[in-house]
*Asks:* 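Pasting in a structure now, in structure tokens, and then I'll have a few things to ask.
All ligand and atom numbering here is 1-based and tracks the order in the structure. Keep in mind that the numbers below use all heavy atoms, side chains included, and drop hydrogens, waters and symmetry copies.
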Amino acid sequence: MMISGLRVLFIAAEAAPLVKVGGLADVAGSLPRALQALPIEITGAKGIDVRVVLPFHGAIDRTNLNFRPVAAFTISHASGPIPGQVFETKVNGFTVYLVSGPPIMPEAPIYTSDAGVDGIKYTFFSLAALEFVRATNWSPHILHAHDWHTSPAVYALSLNRNHSSFFAHTATLLTVHNLPYLGVGAQSALQDYGLPPDYKGLLPEWARQMPLPLGLLSADHINAVSETYAQEMMTPEFGSGLDGFLRTRQDSISGILNGLDMQSWDPQTDKAIPVNFSTDTLVERKENKMRLQAELSMGPNPRIPLLAMITRMDHQKGVDLAVEGLRQIAHLPWRAVILGTGDPQLETMARDLAAEHPTKVHVITRFDGDLARRIYAGADMILVPSRYEPCGLTQMIGMRYGCVPVVRAVGGLKDTVGEYGDGEGTGFLFAEANPAVFADAVSRALDVYSDQRRWRGLQLRGMQQDFSWKQSAVKYFELYQQLATDRVGV
Ligand code: GLC
């Protein structure tokens, strides 16, 4: 049985291009469009109606944004009802709904270091998204939530839907982009908004009133953003203390790899790079390397391999591993550029390496999207030594731009990069999160690089990979159908 005209309520803390901190925004910005663009042979004549709801963060630029109010309601709270309002706007032709209300303070950043403040904001937002569809009488077949911020909606719905005809047929899907962010600190916010701890389920004691664990407990289905991460979440190394609990839900856990916005990331049309190129004109790529060297004030040298790291400076990303690993192979011929901001300690570690090897290593600690593009288009290798990586985008962008990935074999990295072998593979993988093992993988890559014929084959295979959203959107659509159908049968 197929449900025609499937209605999906899609809620997230951030979505590009309106508001972006991390990879979640790329997914929440691209997936709904990709779903809406699915052909009617897949969706049926009535298509699919995906409504994206976001908090109306102060960081959202209001200057050229036309928005109009579409709903107003109150959310109950221990201190008395709190008013909420929803505005409708269009972003590149796509309708988006923005929730405002006192807990979504205009001056507050998207995420603060104060988990209590974030807990109040996102619990309010989660409940307001449910109130919004009720107020507009638009009953969804699917509630699709992402990470801890919107998990309270999943939990609230599970508490209500057996007594509410409006949500009786709504199935819930929770996508995990980053398991360790459990929403610690939001416990009292949940309580104040009337969401009780859970004592019936199988959550460990310490997790019974935390947003993500409650979402994982109550969602009809859980998916991770790669198949490997879906499995890894159920192991002690990656499970953030919830692996045992997650194993009890293994029949309801799957993985769907994120796609890449192939239009935005296209070396043939990218306006930020000096020379556009494709698989047919790969030789022209080296001009980008020369210009990048000039831009970074490195002496020109087309032959010496240029390694790159483009990353948030975060423990997850293994910046420290990369720095120490590169130090161990400083005697080999390479140069490196590291671009990224974040943890000051990691920034300092990277700068220290540059100070020790000023002609080899350049570190730029700022966010610069255009420079990132010029690096993808000009560097030879992109290093991604993550401790864990639910999906990861940089390795996919690297491959599309002929910048060969050297990655740790975890999560989405493992699912998107194939180990180099004679005439096959798209990059280099290593197993343990350890500087020497990382350095060994870089050395292997340097070896292959010295044979330009083999290297070109590697680049071309990467550039020919199809990372478009289409395939993943089909998988989400099929999952939605299955969950909605199961729910009707309840
Ligand atoms: C998080 C994960 C990253 C993933 C992104 C989008 O940022 O760390 O691996 O690609 O979410 O799903």
*Asks:* Is a donor from one side chain sitting under 3.5 angstrom from an acceptor on the other, for Thr112 and Asp118?
*Replies:*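 A pair is found: one side chain offers a donor N or O, the other an acceptor, under 3.5 Å apart.
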*Asks:* Can you pull out the closest protein heavy atom to atom 1 (C) of ligand 1? Residue, atom name and distance to 0.1 Å, please.
*Replies:*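 Ranking protein heavy atoms by distance from atom 1 (C) of ligand 1, first comes His177 O, 3.3 Å.
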*Asks:* Contact between Gly392 and ligand 1, counting heavy atoms under 4.0 Å?
*Replies:*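 Yes, Gly392 has a heavy atom closer than 4.0 Å to ligand 1.
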*Asks:* Please check if the number of heavy atoms outside Phe367 that lie under 6.0 Å from its CZ is greater than 12.
*Replies:*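 No.
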*Asks:* At a 4.0 Å threshold, what atoms of ligand 1 neighbour a non-hydrogen atom of Gly23?
*Replies:*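 Contacts of ligand 1 toward Gly23, numbered from 1: 5 (C), 6 (C), 7 (O).
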*Asks:* With Asp320 as reference, evaluate His315, Gln345, Arg387 under the side-chain hydrogen bond (donor to acceptor under 3.5 Å, both in side chains) test and give the passing residue.
*Replies:*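 Output: one option passes, namely Arg387.
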*Asks:* Applying salt bridge (Lys or Arg N to Asp or Glu O under 4.0 Å), run through Glu389 and Lys317 and close with a yes or a no.
*Replies:* CA-CA 8 Å; Glu389 198 62 81; Lys317 300 294 179 180; 2.9 Å; yes
*Asks:* Judged by modelled atom types alone, do Thr228 and Lys414 share a side-chain donor-acceptor pair under 3.5 Å?
*Replies:*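 The criterion, which ignores hydrogens and geometry beyond distance, is not satisfied for Lys414 and Thr228.
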*Asks:* Could you list the atoms of ligand 1 found under 4.0 angstrom from a heavy atom of Val27?
*Replies:*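 Those of ligand 1 that fall under 4.0 Å from Val27 are 6 (C), 12 (O).
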*Asks:* Are Arg374 and Tyr401 in a cation-pi setup, meaning NZ or CZ lies under 6.0 angstrom from the ring centre and within 45 degrees of the ring axis?
*Replies:*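 Here Arg374 fails the 6.0 Å and 45° test against Tyr401.
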*Asks:* Between Ser278 and Arg285, is any side-chain donor less than 3.5 angstrom from a side-chain acceptor?
*Replies:*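 Checked: Ser278/Arg285 side chains show no N/O donor-acceptor pair below 3.5 Å.
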*Asks:* Evaluating non-hydrogen atoms only, which member of Glu389, Lys317, His146 is closest to atom 9 (O) of ligand 1?
*Replies:*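 Ranked by closest heavy atom to atom 9 (O) of ligand 1, first place is Glu389.
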*Asks:* Closer than 4.0 Å to some heavy atom of Asn178 - which atoms of ligand 1 meet that?
*Replies:*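 In order of numbering, the contacting atoms are 8 (O).
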*Asks:* Can you sort out which atoms of ligand 1 are near Gln316, meaning under 4.0 Å from one of its heavy atoms?
*Replies:*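 What qualifies from ligand 1 is 8 (O).
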*Asks:* Do any nitrogen or oxygen atoms of Leu393 come within less than 3.5 Å of a nitrogen or oxygen of ligand 1?
*Replies:*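 No, since none of the N or O atoms of Leu393 sits under 3.5 Å from an N or O of ligand 1.
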*Asks:* Should the proximity of Asn258 to ligand 1, defined as any heavy atom under 4.0 Å, be assigned to the side chain, the backbone, both, or neither?
*Replies:*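 The answer is the side chain of Asn258.
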